[in-house]
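Note that ligands are numbered from 1 as they come in the structure, with each ligand's atoms numbered from 1 the same way. Keep in mind that the numbers below use all heavy atoms, side chains included, and drop hydrogens, waters and symmetry copies.
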Amino acid sequence: MRLVYVLNGPNLNLLGTRQPEIYGHETLANVERDCGTLAGELGLALRFHQSNREYQPIDWIHEARDGAVGIVINPAALTFTSVALLDALSAFDGPVIEVHIANSHKREAFRHHSFVSMRADGVIAGLGTQGYTLALRRIDVLTAAG
Ligand code: CA2
């Protein structure tokens, strides 16, 4: 089975508990459930992770190098700060789709430049938590056999 990592950066564990006007009402558990359901339909195996530790997504990306076909990542605030995250993603060979729940370009100027976008094969922003399942569908298309 094709293995896909879905990675979430700092504070995304708070999804659905605060700032619903920006991030909506869905919790990260809901997102994991929806991704799991779709992955089953598409024949993908998932590793779904979130951490508030800035180094942790880097370690997961290194792990993904050993057998994963693609990565969906919402790097949260690391998007705008982490060259280390960009370097880790650049060492991964498969497709990378960057997801943001809110549209960063409607927000403060510091959210307008993403280091991760310099490596991502696609970027989804402002489509709410639906962005995650759309990203999985894209990974499916990009990694389908034949
Ligand atoms: O829109 C997104 O998905 C973001 O990646 C979320 C990040 C933010 O820094 C990016 O600019 C855009 C913030 C994640 C924190 O999520 C919270 C959710 C609910 C309550 C508080 C924080």
Side-chain angles (χ1 to χ4, degrees), residues 2-42 44-65 67-143:
R2 292 167 296 157
L3 176 63
V4 178
Y5 275 58
V6 181
L7 302 178
N8 293 280
N11 299 306
L12 283 164
N13 57 310
L14 299 177
L15 209 59
T17 68
R18 298 197 52 205
Q19 297 183 272
E21 67 286 0
I22 301 175
Y23 300 117
H25 292 280
E26 299 286 341
T27 64
L28 199 63
N30 293 153
V31 175
E32 181 170 9
R33 181 203 58 205
D34 292 349
C35 286
T37 302
L38 179 64
E41 291 167 18
L42 298 175
L44 301 172
L46 280 196
R47 297 257 194 287
F48 191 101
H49 294 301
Q50 186 275 331
S51 181
N52 295 325
R53 296 174 178 83
E54 298 205 7
Y55 68 85
Q56 186 66 74
I58 295 169
D59 283 351
W60 284 324
I61 292 161
H62 291 180
E63 194 182 286
R65 281 161 44 82
V69 298
I71 295 175
V72 174
I73 185 164
N74 182 345
L78 302 179
T79 308
F80 318 109
T81 61
S82 184
V83 176
L85 188 57
L86 168 62
D87 287 346
L89 288 167
S90 298
F92 178 77
D93 284 335
V96 173
I97 308 294
E98 176 182 353
V99 172
H100 298 284
I101 297 163
N103 180 0
S104 310
H105 298 284
K106 278 177 80 176
R107 304 183 67 192
E108 304 94 326
F110 71 84
R111 297 183 203 272
H112 295 179
H113 177 265
S114 163
F115 286 108
V116 170
S117 294
M118 298 175 77
R119 162 62 181 90
D121 297 288
V123 181
I124 298 172
L127 302 189
T129 53
Q130 192 186 6
Y132 287 84
T133 49
L134 293 169
L136 276 181
R137 287 190 186 279
R138 183 63 182 162
I139 298 265
D140 174 51
V141 167
L142 292 173
T143 63

Sorted by chain and residue number, the residues having a heavy atom closer than 4.0 Å to an atom of ligand 1 are P10, N11, L12, L14, L15, R18, Q19, Y23, N74, A76, A77, F80, H100, I101, A102, R107, R111
Students often mix this up, so state it plainly: with edges at 30° and 60°, are the rings of Y5 and H49 parallel, tilted or perpendicular?
tilted
Once you measure the plane-to-plane angle for H105 and H112, does it fall in the parallel (<30°), tilted (30-60°) or perpendicular (>60°) bin?
tilted
Side chains of S90 and D87: is there a donor and an acceptor less than 3.5 Å apart?
no
Centroid separation under 6.0 Å, is that true for the rings of H25 and Y23?
no
With sequence neighbours excluded, give me every salt bridge (Lys or Arg N to Asp or Glu O under 4.0 Å) pair touching residues 98-117.
E108-R111
Quick one: closest heavy-atom pair of F48 and C35, and the distance?
CE1-SG, 4.2 Å
